[in-house]
Amino acid sequence: MPPALHPYKPPSWAAHLTPPKLRTALAIGAPTPITPWSVPGLPAGVELWIKRDDFTGVELSGNKVRKLEFLMADAVDRGHDSVVTIGGIQSNHCRATAVAARMFGLEPHLILRIPEKTHTDTDKPSAGLTGNLLVDRLMDSRLWLVSKAEYRHHGSEKLLDMVVSQLRQQGKNPYKIPVGGSNALGTWGYIEMVRELEQQLAADPLGITDIVIACGSGGSLAGTALGCHLSPQMGDVRVHGICVCDNEGYFFNHIDTKIYPGMGHVDGPMSRSLVSLVEAAGLGYGISRPEELDTIATVAKATGVILDPVYSGKAVHALLRCLREEPRRFRGSRILFVHTGGLLGMYEKAPQLERLLPEEHSTHYLLPIAETKNHGTDKERTSSN
Ligand SMILES: *Cc1c(COP(=O)(O)O)cnc(C)c1O
């Protein structure tokens, strides 16, 4: 049985917007835990908590699960038989959508941006099987590969339309989901995250002054910012987005023109007054600098939390830099970082990460332990157990 669809009732403070009619419960990990997080390099006096949105569910789908609760409900309600979405070759969103689609018996079609067109007449392009790709393939997703140059030329919306019309010609009825699931409908997932946070903080007031979240296609940030603005309880919290691609101007414009109007947020403050953005793309989307990977390795060893290289790792790296260099950017010193997931993206970075790990021979031991003279015989040791 696929998950059921339920009528959706928005928080009272969001009821004046244009809320979706239906939702499906996919986030089995919600409410996601909030725990104190002593990351090395935090300046004195700053307290940090982490909200584990990497634990939402749907096979490690992180923040995308909250969006898919609304997007999948809509797709199923409208009677679609397939889903088309688009992203980078290691897209967490595409992989999350493929899993969710299969939960509802829909056929996933993923348009993936590949570094270079590798095909010739005889040689079809290959996406490989690393990280998210392995899951895409296990879900028997249909992959539509597009070179970076073609992607730039056509843009994601046109590419989605091309595949949609192709599938319609084949008699299918595809449901279209934009990059990152970040349209108005998907963004309701992060209005709901704010409602969840209200309840958690009412039960355990932590005095949070700032929320920090990675931003890739804008929906998670836009929902969090609008929710915090509208919620009387969260109104004093300042929301920060760490941009892992594009720039400030792009995201303010994207949120104001592509996300908020469809949610019914038309005459309130625009995104510029609701969020503070930090540009942290570094070498570019999906490309890691050694110091960013170093932050991931340091945080893993010190706290047992794994950040992903594309989003949360860059975000924490930039957060620590801001706390050092621009402490006044934050409203106060009690900060909540939302971990958005992305674990499977780590596997693509294995060769780069390997250089940061201790030499194998310094941490690897071979069993059984070599006998030395004074340890007695095996028989004696066994009998003393
Ligand atoms: C997609 C994604 C983000 C960015 O969220 P948006 O809503 O697209 O801005 C952050 N972290 C991870 C791990 C993601 O997969």
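Predicted model only: the values in this text are computed from it and were never measured. As a basis for the values below, the full set of heavy atoms in this structure was taken, side chains included, without hydrogen atoms, waters or symmetry mates.
V99 and V83 fall within the same hydrophobic cluster, defined by Ile, Leu, Val, Met, Phe, Trp and Tyr side-chain heavy atoms under 4.5 Å apart, directly or through other members. Follow the hydrophobic side-chain contacts under 4.5 Å out from L110 and you never reach L138; the two are in separate clusters. Cluster membership check: I28 does not share its hydrophobic cluster with Y8, using side-chain heavy-atom separations under 4.5 Å among Ile, Leu, Val, Met, Phe, Trp and Tyr. Residues Y260 and L277 share a single hydrophobic cluster, defined by chaining ILVMFWY side chains whose heavy atoms lie under 4.5 Å apart.
Listed by chain and number, the residues in a side chain to side chain donor-acceptor pair (under 3.5 Å) with H80 are N173 (sequence neighbours excluded). Judged as a side chain to side chain contact (heavy atoms under 4.5 Å, CB included), and not counting sequence neighbours, the contacts of S333 are V46. With sequence neighbours left out, W37 forms a ring pair (Phe, Tyr, Trp, His ring centres under 6.0 Å) with F337. Residues meeting the salt bridge (Lys or Arg N to Asp or Glu O under 4.0 Å) test with R238, sequence neighbours left out: none. Shown here are the side chain to side chain contact (heavy atoms under 4.5 Å, CB included) partners of Q200, two or more places apart in sequence or in another chain: P31, I34, K51, E196, L197. In this view, R152 satisfies the salt bridge (Lys or Arg N to Asp or Glu O under 4.0 Å) rule with no residue, not counting sequence neighbours. In this view, R168 satisfies the side chain to side chain donor-acceptor pair (under 3.5 Å) rule with no residue, not counting sequence neighbours. In terms of the side chain to side chain donor-acceptor pair (under 3.5 Å) criterion, residue partners of D256 (sequence neighbours excluded) are, by chain and number, S271.
Counting only distance, with no hydrogens or angles, the side chain of S141 and the backbone of D136 share a donor-acceptor pair below 3.5 Å. In this structure, the side chain of S231 does not engage the main chain of C228 through any donor-acceptor pair within 3.5 Å. Panel note: side chain K314, backbone R289; no donor-acceptor pair is recorded below 3.5 Å. Proximity of a side-chain donor or acceptor of H317 to a complementary backbone N or O of D294 within less than 3.5 Å is not detected. T303 places no side-chain N or O within donor-acceptor distance of the main-chain N or O of A300, the cut-off being under 3.5 Å.
Summarising the geometry, atom CD belonging to E150 is positioned 12.5 Å from atom CG belonging to L145; distances are rounded to the nearest 0.5 Å. L323 contributes atom CG, which lies 6.5 Å from atom CG of L42 (distance to the nearest 0.5 angstrom). Put simply, CZ on F70 and CG on L26 are 10.5 Å apart, with the number rounded to the nearest 0.5 Å. Note that CZ of R195 and CG of L230 are 12.5 Å apart. Values are rounded to the nearest 0.5 Å. Between the CD1 atom in I111 and the OG atom in S156 there is a gap of 8.5 Å [rounded to 0.5 Å]. Atom-to-atom distance recorded for D210:CG and S276:OG is 8.5 Å, nearest 0.5 angstrom.
Counting heavy atoms from C-beta outward, L60 and L344 have side chains that approach closer than 4.5 Å. Using a 4.5 Å heavy-atom cutoff, the side chains of L106 and Y175 are not in contact. At a threshold of 4.5 Å between non-hydrogen side-chain atoms, the residues V163 and I86 do not count as touching. Proximity of W13 to M234: side-chain heavy atoms (C-beta onward) are nowhere separated by under 4.5 Å. Between L167 and R142, the closest side-chain pair of non-hydrogen atoms is not below 4.5 Å. Contact check for W144 versus H109: side-chain heavy atoms found under the 4.5 Å cut-off. Looking only at side-chain heavy atoms (C-beta outward), L68 and S61 stay at 4.5 Å or farther from each other. Within the 4.5 Å cutoff, side-chain heavy atoms of E107 are placed close to those of R102.
No hydrogens or angles considered: a donor-acceptor pair under 3.5 Å links the side chains of S182 and K67. Using modelled atom types and a 3.5 Å distance limit, the side chains of H93 and T85 yield a donor-acceptor pair.
In this structure, N132 and G345 approach most closely via the heavy-atom pair ND2-N, 4.0 Å. Listed here is the closest heavy atom pair of S312 and H339: OG-CE1, 3.5 Å. Here the closest non-hydrogen pair linking G313 and I296 is CA-CG1, 3.9 Å. Contact record, F251 with C243: CD1-SG, 3.6 Å, taken as the closest heavy-atom pair. Shortest non-hydrogen contact noted between T340 and A214 is OG1-CB, 4.3 Å. Across I208 and V237, no two heavy atoms sit closer than the pair O-CG2, 3.6 Å.
For the pair E69 and R66, the salt-bridge criterion is not met [side-chain N within less than 4.0 Å of a carboxylate O]. For the pair K258 and E157, the salt-bridge criterion is met [side-chain N within less than 4.0 Å of a carboxylate O].
Contacts classified as side-chain hydrogen bond (donor to acceptor under 3.5 Å, both in side chains) and involving residues 347-362 (residues at least two apart or in different chains) are given here: E360-H364. Among pairs with a residue in residues 176-186, those fulfilling salt bridge (charged side-chain N to carboxylate O under 4.0 Å, His left out) read D161-K176, at least two apart in sequence or across chains. Sorted by first and then second residue, the salt bridge (charged side-chain N to carboxylate O under 4.0 Å, His left out) pairs involving residues 330-341 (not counting sequence neighbours) are E47-R334.
No more than 12 heavy atoms of other residues, nucleotides or ligands sit less than 6.0 Å from atom CD of E59. Annotation for D236: atom CG does not count as buried by contact number, only 12 or fewer foreign heavy atoms lying within 6.0 Å.
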Output, in order, the C-alpha distance, side-chain angles, deciding distance and verdict of side chain to side chain contact (heavy atoms under 4.5 Å, CB included) for L17 and L226.
CA-CA 11 Å; L17 302 177; L226 183 56; 4.1 Å; yes
Begin with the C-alpha distance, continue with both residues' side-chain angles, and end with the deciding distance and a verdict on side chain to side chain contact (heavy atoms under 4.5 Å, CB included) for K64 and T97.
CA-CA 8 Å; K64 302 306 179 310; T97 302; over 6 Å; no
Please step through side chain to side chain contact (heavy atoms under 4.5 Å, CB included) for the pair I213 and Y190, ending with a clear verdict.
CA-CA 11 Å; I213 187 166; Y190 271 78; 4.1 Å; yes
Could you please spell out the steps behind the side chain to side chain contact (heavy atoms under 4.5 Å, CB included) verdict for T56 and T32?
CA-CA 7 Å; T56 49; T32 57; 3.9 Å; yes
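Y311 shares a hydrophobic cluster with V244, Y285, V310; the chain of contacts runs through ILVMFWY side chains whose heavy atoms sit under 4.5 Å apart.
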